[in-house]
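Working notes, beginning with the structure itself.
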Amino acid sequence: MSVSATPPSLNRLLLLSPVLLTLIGLIAIPLGIMGYISLLPRNLYGGVDWSADWQWQSYVQLFFQEDFDGNLELNWVYAQALLRSVLQAGGTTLLCFLFGFPVALWMSSLSERSRNLMVLLITIPFWTNLLIRNYAWLIILREHGWLAQSLNALFPQAGGITLLYNDFAVVIGLVYSFLPFMILPIYSTLEKLDWRLVEAAYDLGANRVKALRRVILPLSMPGVVAGSLLVFVPSLGAFITPAILGGGKTLMIGNLIQQQFGTARNWPLGSSLSFLLLGLMLLALVFYALYSRKVAKAVRQGAR
C-alpha cells in the first residue's frame, strides 16, 4: 500500500512555521497589544483604564491640547521632539556617510587578508555594551577632560568650550555608535565592484574626482542606501545616547517614549508615539524597497 506524499504547500508551511511563530509571538502580538493600549484612556493614577471604550484621545494629544475652555489648540511639543529626532538622525546619517564611504572605498582596495582584518576591527566595538561605550564618551567630553582642556587652551578667547550635554555630544555618540552600519554595507557593495570600469573612465579622460562621481558612487548606491537606512532608523529611536551625552537637555522621540512609559506613566500616549515612530520607519523601508526595485529594473534592462 502506497503512502500519499505530503502536499508541497504543507511542506512549505511546516518549514516556515518556526519563523511564523516567532514573528507572531515577538512582533505581531506585542504590536497588537501596543495598538490596543494606544486606543484606551490613561488611568487616573497612571497606566491604562482597561475598562474604558476605545477612543483616539492619545493620538489627538500628539498634535493638540485642550485649553481652559475645552477647545483644542495646536501642541508643538511632541512635533518639535519628532522634528529634532529626524534632524539628528539625518545629520548622523550624513556624517556616517562622509566618514564611512572613504573608509569602505579604502578597504575595498586592500588585499583579502587585510580586508578581513579591517572588518574584524570595525566590528570589535559591538563586542562591548552600548551603555559602556557612551559612558566612555562621557569621560572624553566632560568639562575637565583632556579634549575640552586642550581646546580651551588652544582657543582661550572662546570663553570656555562645552562639549558635553548638548546636541554636539549627542551627534558624536550617535555617529560613533552607528558608523559601522554605514561602512559595512558600502564595503560589501564596493568589494564586488568591477574596477575595469574605473580604468575605462580613466582611459576616457576622467580624473579621480570624475571617476568617483560618475562611476564609483553610482555603482555603490545600493550599499549607500542600505547603510543610510541602517543608520537612520536606529538613530531616530535612540534614547540611551541622548540621555547620557545629552544630559536630558536634548529631548528626542525615543526619550519621550521612555518617559511616558516610565515617570509619566501615560501608556496610551507612549504607545501612540511609538506608532508614530514606527510609521516613519516604515516610510524609510518603503523608500528603500522602491529604490531597490528601481535598481533591479535598471539592471534587467541593462542586461537585455
query = Can you check side chain to side chain contact (heavy atoms under 4.5 Å, CB included) on Leu212 and Leu105, steps first, answer last?
reply = CA-CA 10 Å; Leu212 176 65; Leu105 182 61; 4.1 Å; yes
Would you check if [X] and [Y] make a side-chain contact, meaning some heavy-atom pair closer than 4.5 Å?
{"X": "Leu131", "Y": "Asn134", "result": "no"}
{"X": "Tyr59", "Y": "Leu39", "result": "yes"}
{"X": "Leu163", "Y": "Phe168", "result": "yes"}
{"X": "Met182", "Y": "Ser228", "result": "yes"}
{"X": "Leu217", "Y": "Arg213", "result": "no"}
{"X": "Phe261", "Y": "Ser274", "result": "yes"}
{"X": "Tyr187", "Y": "Trp106", "result": "no"}
{"X": "Ser272", "Y": "Gln61", "result": "no"}

First locate atom [atom1] of [X], then atom [atom2] of [Y], and finally report the distance between them rounded to the nearest 0.5 Å.
{"X": "Leu190", "Y": "Ile216", "atom1": "CG", "atom2": "CD1", "value": "7.5 Å"}
{"X": "Phe181", "Y": "Ile186", "atom1": "CZ", "atom2": "CD1", "value": "14.0 Å"}
{"X": "Leu16", "Y": "Arg12", "atom1": "CG", "atom2": "CZ", "value": "8.5 Å"}
{"X": "Leu98", "Y": "Leu94", "atom1": "CG", "atom2": "CG", "value": "4.5 Å"}
{"X": "Leu174", "Y": "Ile240", "atom1": "CG", "atom2": "CD1", "value": "11.0 Å"}
{"X": "Arg214", "Y": "Leu197", "atom1": "CZ", "atom2": "CG", "value": "13.5 Å"}

Pair Trp50-Leu40, side chain to side chain contact (heavy atoms under 4.5 Å, CB included): steps then yes or no = CA-CA 7 Å; Trp50 299 100; Leu40 295 176; 3.7 Å; yes
Kindly say whether [Y] contributes a backbone atom to a donor-acceptor pair with the side chain of [X] at under 3.5 angstrom?
{"X": "Arg42", "Y": "Val48", "answer": "no"}
{"X": "Ser17", "Y": "Leu14", "answer": "yes"}
{"X": "Arg133", "Y": "Pro125", "answer": "yes"}
{"X": "Thr93", "Y": "Ala89", "answer": "yes"}
{"X": "Arg142", "Y": "Leu164", "answer": "no"}
{"X": "Ser58", "Y": "Ser38", "answer": "yes"}
{"X": "Ser85", "Y": "Ile253", "answer": "yes"}

So which heavy atom on [X] is nearest to which on [Y], and how close?
{"X": "Leu245", "Y": "Gly173", "result": "CD1-CA, 3.6 Å"}
{"X": "Pro185", "Y": "Ala226", "result": "CB-CB, 4.3 Å"}
{"X": "Phe239", "Y": "Gly254", "result": "CB-C, 3.5 Å"}
{"X": "Ser177", "Y": "Leu130", "result": "OG-CD1, 3.3 Å"}
{"X": "Asn255", "Y": "Ala238", "result": "OD1-O, 4.0 Å"}
{"X": "Glu143", "Y": "Gln149", "result": "O-CG, 4.4 Å"}

ask   = Leu184 and Thr123: side chain to side chain contact (heavy atoms under 4.5 Å, CB included), yes or no, with the steps?
value = CA-CA 9 Å; Leu184 295 178; Thr123 55; 4.0 Å; yes
request  = Tell me, please, which residues at least two apart from Tyr176 pass ring pair (Phe, Tyr, Trp, His ring centres under 6.0 Å).
outcome  = Trp137
Count I, L, V, M, F, W, Y as connected when their side-chain heavy atoms are under 4.5 Å apart, and connections chain through other members. Are [X] and [Y] then in the same cluster?
{"X": "Leu179", "Y": "Leu120", "result": "yes"}
{"X": "Leu273", "Y": "Leu83", "result": "no"}
{"X": "Val175", "Y": "Leu121", "result": "yes"}
{"X": "Val19", "Y": "Ile27", "result": "yes"}
{"X": "Ile124", "Y": "Met107", "result": "yes"}

task = Report yes or no: do Ser114 and Ser111 form a side-chain donor-acceptor pair below 3.5 Å?
result = yes
ask   = Judged by modelled atom types alone, do Asp49 and Ser51 share a side-chain donor-acceptor pair under 3.5 Å?
value = yes
inquiry  = Under the criterion side chain to side chain contact (heavy atoms under 4.5 Å, CB included), I'd like the reasoning laid out for Leu31 against Leu278: C-alpha separation, chi angles, the key distance, then a yes or no.
reply    = CA-CA 10 Å; Leu31 285 178; Leu278 182 63; 4.0 Å; yes
More than 12 heavy atoms from other groups under 6.0 Å of [atom1] on [X]:
{"X": "Phe287", "atom1": "CZ", "answer": "no"}
{"X": "Glu73", "atom1": "CD", "answer": "yes"}
{"X": "Asp53", "atom1": "CG", "answer": "no"}
{"X": "Phe126", "atom1": "CZ", "answer": "yes"}

message = By the side-chain hydrogen bond (donor to acceptor under 3.5 Å, both in side chains) test, which pairs, at least two apart or in different chains, include something from residues 163-173?
response = Gln88-Asp167, Asp167-Thr250
query = Do the ring planes of Trp54 and Tyr36 sit parallel (below 30°), tilted (30 to 60°) or perpendicular (above 60°)?
reply = perpendicular
